[in-house]
Amino acid sequence: MYNLIRKDFLIQKMLMFLYLFIGVVYTLGDLNIGFGIVIIVTIFAINNHYYDTKDNNNLLINSLPFTRSQIISSKYIGVLLFSLLTTVGMIVVHVVCQLALGKTVALSWENLRSELGISFILILLFLSFYFPFFYKFSNRYLLTIFSIIIVLSSILIRAIASSIENIMNNSLAFLQDMHVWQLWTSGTIISLLLFIGSWMLTIKIYANKDL
């Protein structure tokens, strides 16, 4: 499985410059670091699936001594590992850019923890729906549409974030009686359960799929 994860990283090595560029843009634009992480991880996950379906590469992968369960598990584990590396990388980029601009590096642990927590939950939710959907319906047109949505979302991130905040303030007022830690715990548990369920479902879908 290690070689499958390593393959996914190596095949996108040239795109690492794009991911770095996105990180710099989000830092210089004073945008939400957490959303930057979500955008980068989303692009990584989409490209992983694209390269596997491109030129029937999935046939080659399945001819190697790996089970279909291992192939799917490598996708989930690989994206989680990339998410961790991206998180560390975004923080480093933020600090370096601030120092390069002669600014004082001021990272609020409370704000950073909130941004990273939200990004973690969003990534888990995205992967929970993305992987089973696209392994069930391998269609390049779907990949293109999804990619366009991601690009537009990254451009309109401020408006989207504002809209989400308004919706949450208007429709989730009943949650005010709950403590913050209860909200975080509930959100994390739900997203983790969905992620694990998605993992098992995708393995089943891929095991029964005709290549």
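Note that this is a predicted model, so its numbers are computed, not measured.
- Atom CG of residue Leu80 and atom CG of residue Leu124 lie 6.5 Å apart, to the nearest 0.5 angstrom.
- Applying the side chain to side chain donor-acceptor pair (under 3.5 Å) test to pairs two or more places apart or on separate chains, those with a residue in residues 7-17 are Lys7-Asp52, Asp8-Lys75, Gln12-Tyr19, Gln12-Asn48.
- Of all the heavy atoms in Ile33 and Met90, the pair that sits closest is O-CE, 3.7 Å.
- Applying the side-chain hydrogen bond (donor to acceptor under 3.5 Å, both in side chains) criterion to Ser198, with sequence neighbours excluded, gives Tyr76.
- Identified under the salt bridge (charged side-chain N to carboxylate O under 4.0 Å, His left out) test for residues 198-208, with sequence neighbours left out: none.
- One hydrophobic cluster, built from ILVMFWY side chains closer than 4.5 Å, cannot hold both Phe126 and Leu84; they sit in different ones.
- Under the side chain to side chain contact (heavy atoms under 4.5 Å, CB included) criterion, Leu194 pairs with Leu125, Ser128, Ile190, not counting sequence neighbours.
- For Ser119, there are no side-chain hydrogen bond (donor to acceptor under 3.5 Å, both in side chains) partners, not counting sequence neighbours.
- The hydrophobic cluster containing Met14 also includes Phe17, under a criterion of side-chain heavy atoms closer than 4.5 Å among ILVMFWY residues, counted directly or through chains of members.
- For the pair Tyr130/Ile46, a side-chain contact is recorded, criterion being any heavy-atom separation below 4.5 Å from C-beta on.
- Not counting sequence neighbours, the partners of Leu201 by the side chain to side chain contact (heavy atoms under 4.5 Å, CB included) test are Pro132, Ile205.
- In this structure, CZ on Phe131 lies 8.0 Å from CD1 on Ile72, to the nearest 0.5 angstrom.
- Of the inter-residue distances, the one linking Leu15 atom CG with Leu20 atom CG reads 12.5 Å to the nearest 0.5 angstrom.
- Transitive grouping of hydrophobic side chains (ILVMFWY, heavy atoms separated by less than 4.5 Å) keeps Leu81 and Leu10 in distinct clusters.
- Note on Ile91: it clusters hydrophobically with Met16, by side-chain heavy-atom contacts below 4.5 Å among ILVMFWY residues.
- With sequence neighbours left out, Ser73 forms a side chain to side chain contact (heavy atoms under 4.5 Å, CB included) with Met1, Ser69, Trp199, Ile203.
- Partners of Ile118 by side chain to side chain contact (heavy atoms under 4.5 Å, CB included), not counting sequence neighbours, listed by chain and number: Ser114, Leu122, Trp184.
- Partner of Ile22 under the side chain to side chain contact (heavy atoms under 4.5 Å, CB included) criterion, out of Ile43, Val93, Ile37, Thr86: Ile43 alone.
- Nearest heavy atom pair, residue Leu127 against residue Phe195, reads CD1-CE1, 3.8 Å.
- Clustering of Ile, Leu, Val, Met, Phe, Trp and Tyr by side-chain heavy atoms under 4.5 Å joins Leu193 with Ile189.
- At a threshold of 4.5 Å between side-chain heavy atoms, the hydrophobic network of Ile, Leu, Val, Met, Phe, Trp and Tyr places Ile196 and Phe129 in two separate groups.
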